Amino acid sequence: MSSFDDSEAFEAAVPLSQRAMSARSAPYLDELNPAQREAVEALDGPVLMLAGAGTGKTKALTTRIAHLLHSGKARPNEILAVTFTNKAAKEMKERVARLLGQPVEGMPWLGTFHAICVKLLRRHAELVGLKSNFTILDTDDQLRLLKQLIVAAGIDEKRWPPRALSSIIDNWKNRAWTPETLPAAETGAFDHHAPALYAAYQQRLRTLNAVDFGDLLLHVVTIFQKHDDVLEQYQRWFRYILVDEYQDTNVAQYLWLRLLAGGHKNICCVGDDDQSIYGWRGAEVGNILRFEKDFPGATVVRLEQNYRSTAHILAAASGVIEANQGRLGKTLWTAADGGEKVRLIGHWDGEEEARWIGDELEAMGQGTRGQRPIGLDECAILVRASHQMRAFEDRFLTIGLPYKVIGGPRFYERMEIRDAMAYFRLAVSTDDDLAFERIVNTPKRGLGDKAQQKIQVAARANGVSLVEGARILLAAKEISGKGAKSLAELLDGIERWHTAVLGAAQPVTDDDAVIEEGLFIAPRMPGGKPISHIELAEIILEESGYTAHWQNDKTPEAPGRLENLKELVKALESFENLQGFLEHVALIMDNESDDAEARVTLMTLHAAKGLEFPAVFLPGWEDGLFPSQRAMDESGLKGLEEERRLAYVGITRAEEVCTISFAANRRIYGQWQSALPSRFIDELPEAHVDVLTPPGLYGGGFGAAAQPVRSDLQEKASRADVYNSPGWKRMQARGQARGMSQPRETRNVVIDLDAVSSFGLGDRVFHKKFGYGAVTAIEGDKLEIAFERAGVKKVVAKFIVPAANADDVPF
DNA sequence: GCGCTCTGAAGTAAT
DNA sequence: TTCAGAGCGC
């Protein structure tokens, strides 16, 4: 069967209007600037589009797709357009549709590297020893598998944790090394065991008919390398190739692209070497730096006109990035003038910094700075490491400032979601051993390590799946008592759900078309009437006892988890069946909840790439934290340069106001440490920076300032030579030259602890964590307080102050 | 088999 | 400091 059956079927379905447009003019071209237009119109041959931050990269890319279609160069299904994230793919789809004025269901090959590879691999799975209905492992499955292999190899899993092995293997896969092609010199710092474990792992995956994320690319590259006929098929089929964020590609992706573009070389790579921040994840900046060598005669277009930020912000960003070596070189410029300089401020410590930013956010909302009011939802705080977020969360909780954190555990990575998914996976295919392992004792069924080991042994001895092994074990009465009963129930359940998934004996098929067209017959409980896959999901969660498990759980997270389960079931609505859902979820992670309340966004610099905000705060610019000591230790100059690019990414997220700050002292792992301002601060061009006076730091004379009361420890930390660093001295000089504004009055607060028990019912009070509230009951030294944000809580009186003194809370 | 306590490590993260 | 995972006692 030809691999292109469904695509060819599609060809016939492409609306005529879409194919016969070439004769007409292309009005969308008029909306481009000269550089963008050049990048769009150079349709044939290799093109490198160097697109600086905020220069309309997506616009150029999507217009290029529209132009390819419009000019009749390619049909929608002959264009391969790859992105890194689902979000980017979705946005691209929407924007192409808008340009064309009609939906683009017809772009089956617009997607992430991984999504496209899944499609390719399902068609040619047998070429790498897999069946086309292979499962895609998540990180948890992967780690469990590796752990088993490490234990089986008799290696001390404490010295060599599965995580370490996993990252070594990921790294190798990123470089497109299979166990067979792994260079002998690569031992992976895992004693010399890693290569053998890698081979064992791949073997195990094959047995399980499973792949991990790295395999998706690796297997396809292997197929392309070993099977010329297959490769040529696709080289012909994908007439035009477009790649987004090319600077983020790893070796495997690079090879994949080079193989596919090998024939016609109609490849357009879009990227920005200055925004390459994923080297630690396997990305090779070299790929983009080398493009012209890989594709001689390539057209190189630079997009340098920035439509996002003020001139000061751009100049500051340029000043920083210029310190990097080996750039392809771009200079951003803007037609707009005016705007505020980049603001720079130093603080005593991390808490002070958080407090100041909190105040600043409130001031911005009021427009009290003499600028237009900037709402919370227009502001973002971008940090280097996620643990920096804590100080802000604490502060914002205290003052009741709404915030949202981007990042952290994603919906589909949460425990309860993974558990539920494992049940679904088992229902779809009962030989999914990893899913079985995950849920065999969740909820608790009295099947601990020992029972599970027996099942493993039985399964392996008979060469069957764990579910089968368990069945054999039960039949042989090798398991007894409570465990046996609950295991039997579980097995019955799995059998029943599986039958339901199969519906009226409809065979499971791996054919895309069948899945996509929803040709599955509705599931049906044994002997009963057909039910929807949504009902089936609910039944599974109910009968397995999983829902009850969380209902009986008394921990504060339990309600949230139940809520997530409901959401999961709801997510099923947009799919035809469980199979389609599982396929989708294996590759997709996002779960964006939109809410009405305006909130400031807290996220890492990495997460912020590609986004923009009117006001951006960049706290924690201290040497060691940013640039990160670890990055520099591990990767030397290369690491430092990547950190610098991160700084560049951070600054260029800002449209109107960019505020950089650092703290002289910070508590790290419970220890006070002092730090020097980041070397990147020295690299900010002075003409574009406005140094703000930090509250309480300067006082009447430098160094002798009336400083807030501090502990001895903090006092000691402050004596470090912060004040001798070049950055600090320059800040000093700038501040004095401009005439410093009056420092804010310092607080020297003494709280009379004896006086605090004198609260009365109804008093409005304040608590550091819970914020404002009213006293509803008094029991000795404990107060019951109805907090405005945190609800009713009992709190010891000494942690409470009258609301009027909220600012004075010293603890 | 389950749950509590101690110990050790601590980064950024999409698919 | 905080969190996860291992080990130990019931």
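Just so you know, these numbers come straight off a predicted model, no measurement behind them. The figures here come from the full heavy-atom set of this structure, side chains too, leaving out hydrogens, waters and symmetry mates. Convention: sequence-line order gives letters A, B, ...; per-chain numbering from 1.
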Would you kindly give the [atom1]-to-[atom2] distance between [X] and [N], to the nearest whole Å?
X      : N      : atom1 : atom2 : value
A:N86  : B:dA14 : CG    : C1'   : 9 Å
A:E642 : B:dA13 : CD    : C1'   : 12 Å
A:F213 : B:dA14 : CZ    : P     : 11 Å
A:F113 : B:dA13 : CZ    : P     : 20 Å
A:H114 : B:dA14 : NE2   : P     : 12 Å
A:M415 : C:dC3  : CE    : P     : 14 Å
A:Q671 : B:dG8  : CD    : P     : 16 Å
A:D633 : B:dA10 : CG    : P     : 13 Å

Select base, sugar-phosphate, or nothing to describe what [X] touches, counting heavy atoms under 4.0 Å on all strands.
X      : answer
A:D248 : nothing
A:A607 : nothing
A:T112 : sugar-phosphate
A:F84  : sugar-phosphate
A:R667 : nothing
A:E634 : base

Can you tell me which nucleotide in [options] comes closest to the side chain of [X]?
X      : options               : answer
A:R390 : B:dG11, B:dA13, C:dT1 : C:dT1
A:Y669 : B:dG1, B:dT12, C:dT1  : C:dT1
A:E413 : B:dG11, C:dA6, B:dT15 : B:dT15
A:A451 : B:dA13, B:dC2, B:dG1  : B:dG1
A:T85  : B:dA13, B:dA14, C:dT2 : B:dA14

Exercise. Between A:I223 and A:H124, what is the shortest heavy-atom contact and its length?
Worked result: CD1-O, 3.6 Å
Using OP1 and OP2 only, check whether a side-chain N or O of [X] sits under 4.0 Å from [N].
X      : N      : value
A:N441 : B:dC2  : yes
A:T604 : B:dA13 : yes
A:S386 : B:dG11 : no

Problem set entry | Residue met sooner reading DNA chain B from 5', once A:R445 and A:G407 are mapped to nucleotides | A:R445
Exercise. Which residue, A:K444 or A:I277, contacts DNA chain B at a nucleotide closer to its 5' end, judged by nearest heavy atom?
Worked result: A:K444
Problem set entry | Aromatic centroids of A:W256 and A:Y254 separated by under 6.0 Å |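 Judged by ring-centre distance (under 6.0 Å), A:Y254 and A:W256 do not meet the cut-off.
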Exercise. For the rings on A:H584 and A:F575, is their centre-to-centre separation under 6.0 Å?
Worked result: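 Judged by ring-centre distance (under 6.0 Å), A:H584 and A:F575 do meet the cut-off.
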Exercise. Checking A:R122 against A:F134: charged group under 6.0 Å from the ring centre and within 45 degrees of the axis?
Worked result: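 Cation-pi check for A:R122 and A:F134: passes.
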Problem set entry | Cation-aromatic face contact A:R204/A:Y201, 6.0 Å, 45 degrees | no
Exercise. Side-chain donor or acceptor of A:R281 under 3.5 Å from a matching atom on the base of B:dT12?
Worked result: no
For this session: In sequence, state the C-alpha distance, the side-chain angles, and the governing distance for A:F392 and A:Y403, and then conclude on ring-ring contact (aromatic ring centres under 6.0 Å, His included).
Result: CA-CA 9 Å; A:F392 294 99; A:Y403 70 91; 9.7 Å; no
